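Each remark here refers to the structure printed beneath this line.
In what follows, every chain begins at residue 1, and chains take the letters A, B, ... in the order their sequences are listed. The model shown is predicted, which means the values in this text are computed figures rather than measured ones.
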2 protein chains.
Amino acid sequence: MGSAVAAKSEQTRQLVADTALRMFRDIGFEKTTMRAIAAEAGVSVGNAYYYFASKDDLVHELYIQVQAEHAARASEALEETTGFAERLKATLHAGLDVMAPYHRFGADFVATAIRPTSPVNPFSADSTPAREASLDIFRNTVDGARPAVPKKLRGDLPELLWLCYMGITLFWVYDTSEGQRRTRKLVDGAAPLVARGLALARIPGVSKVLDDVLDLSRSIRS
Amino acid sequence: MGSAVAAKSEQTRQLVADTALRMFRDIGFEKTTMRAIAAEAGVSVGNAYYYFASKDDLVHELYIQVQAEHAARASEALEETTGFAERLKATLHAGLDVMAPYHRFGADFVATAIRPTSPVNPFSADSTPAREASLDIFRNTVDGARPAVPKKLRGDLPELLWLCYMGITLFWVYDTSEGQRRTRKLVDGAAPLVARGLALARIPGVSKVLDDVLDLSRSIRS
DNA sequence: CCCCATTCTTGAACGTGTTCAAAAAGAAGT
DNA sequence: ACTTCTTTTTGAACACGTTCAAGAATGGGG
């Protein structure tokens with residue numbers, strides 16, 4: 001198999017993927033039927049299925065692309081901020097920026113992603129690379145913060161924030177306010193509160209409860 | 001329209017609903033096709049649609065039934081407990097008990113329920129009665145606790161706990177451990193921690209942050 | 001008893017995601 | 001050039017959720 005041929009095959013794959021993602025953005029998830037994608041891309045339905053096992057698989061492709069874009073934008077925004085609250089805000093807003101064009105499609109995306117059997121499920125094995133890359137964004141957000149976050153929390157915080165990010169995404173999906181203004185407000189309000197909450201970890205009474213929360217969290221995960 | 005006729009119509013409706021719910025439990029969501037339900041119930045497909053606008057609507061029926069059973073069991077269990085942690089545990093375990101037979105179907109249930117347009121969506125207008133009834137369970141859980149929970153939290157806590165319950169349900173859906181043992185462990189571990197966390201609300205430093213959290217929560221909701 | 005309006009029931013038909021046997025195209029060896 | 005094997009492409013076919021025009025059953029008013 002020469003490289004030119006490999007390129008041809010890859011070209012078809014990309015054509016299908018690009019067409020699908022563009023149609024998702026422009027006309028929504030449900031109207032983007034497999035037949036419509038195939039017609040628009042100028043291939044047969046079966047051919048699209050040769051490259052993507054299912055429509056969900058095309059959503060997976062979108063998830064990967066959105067995640068990569070989020071990593072790029074967050075990384076850039078984080079270069080200029082040091083305070084934890086500001087860094088968290090930057091990371092979360094970057095995520096919202098990237099998702100924005102797909103808002104009308106967000107509900108279907110989430111409904112697809114939430115099935116444990118789906119390749120798009122953020123906890124699934126298929127999503128491990130994308131999930132790890134996403135976790136890296138939050139590790140970077142936490143580790144680069146000055147003043148540093150309490151050492152006790154540094155290990156678990158990225159995962160916890162990533163989980164919060166999933167929750168915020170859910171909120172964003174349901175947010176019908178213009179430009180998802182309420183979600184922006186939530187991020188702006190919550191980020192400094194999280195930072196102040198972290199400072200409380202140094203109060204002895206709080207620290208004890210926190211230890212137990214972390215213990216529970218670890219025992220549940222293992 | 002005599003009552004006998006009304007009964008006949010209601011009888012068909014119940015027959016379809018009962019058949020569907022039984023099949024959901026026994027063979028899962030996907031294998032329970034509308035054609036299979038109709039065949040099993042001895043009616044035509046169109047007839048099932050006369051009583052239920054969609055397959056989602058049958059899931060809604062299940063949601064209502066599960067919620068009613070949860071309310072009944074929780075109410076009974078709460079009669080015997082006074083401590084907040086114990087009450088919370090009782091309420092959450094009652095919910096898990098009722099959902100248990102539907103675990104294999106849980107993922108599809110959640111995927112259906114999460115669509116903003118779905119009648120099953122717990123935040124939707126269609127679900128308002130069931131949601132209010134569910135909130136009542138948590139109001140009862142909080143209000144009946146002795147010693148009483150801090151007054152400042154008493155108003156918002158039920159909604160917050162209900163939201164946590166949604167999160168626990170999500171955890172439960174993904175929990176493949178035998179009998180969803182890990183979810184039980186999570187509830188047992190988290191309930192006392194929440195109770196201890198509430199006590200921290202009396203620490204001045206914590207109280208200030210908490211005020212802002214509650215303010216933000218209220219401003220986002222309105 | 002018959003008529004009419006309402007309620008209930010039917011099953012064919014539509015568009016969907018997905019599958020698959022078969023064909024076409026390409027690569028490689030002789 | 002011919003064969004052989006793999007990769008790619010096709011489009012008909014399947015089961016699904018859903019719709020709908022048409023018909024049956026029902027019940028009250030003359």
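Remark: nothing in residues 102-120 of chain B comes within less than 4.0 Å of DNA chain C through any heavy atom.
A cation-pi contact links A:Lys55 to A:Phe29, judged by a cut-off of 6.0 Å to the six-membered ring centre and 45° from its axis.
Applying the ring-ring contact (aromatic ring centres under 6.0 Å, His included) rule to A:Tyr102 yields no partners; only residues at least two apart in sequence or on another chain are considered.
Using a cutoff of 4.0 Å between basic side-chain nitrogens and carboxylate oxygens, B:Arg154 and B:Asp143 are not scored as salt-bridged. Salt bridge B:Arg115/B:Asp56: absent, no basic N to carboxylate O contact under 4.0 Å.
Taking the six-membered ring for Trp, A:Tyr165 and A:Phe138 have ring centres closer than 6.0 Å. Under the 6.0 Å cut-off for aromatic ring centres, B:Phe123 and B:Trp162 qualify, their centroids lying closer than that.
Here D:dG11 presents its P atom at 17 Å from CD1 of A:Ile37, a figure rounded to the nearest Å. Distance A:Phe52 CZ to D:dT9 P: 12 Å, rounded to the nearest Å. In this entry the distance linking CD of A:Gln11 with P of C:dA25 reads 17 Å, nearest Å.
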Check: Under the salt bridge (Lys or Arg N to Asp or Glu O under 4.0 Å) criterion, do B:Lys185 and B:Asp188 qualify, and how do the steps go?
Finding: CA-CA 5 Å; B:Lys185 226 172 119 183; B:Asp188 288 339; over 6 Å; no
Margin query: What does the B/S/- profile of nucleotides 9-19 of chain C look like, 5' to 3', with a 4.0 Å heavy-atom cutoff to protein?
Written below: BBB-B--BBBB
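Not one N or O on the side chain of A:Lys31 forms a donor-acceptor pair closer than 3.5 Å with the backbone of A:Asp26.
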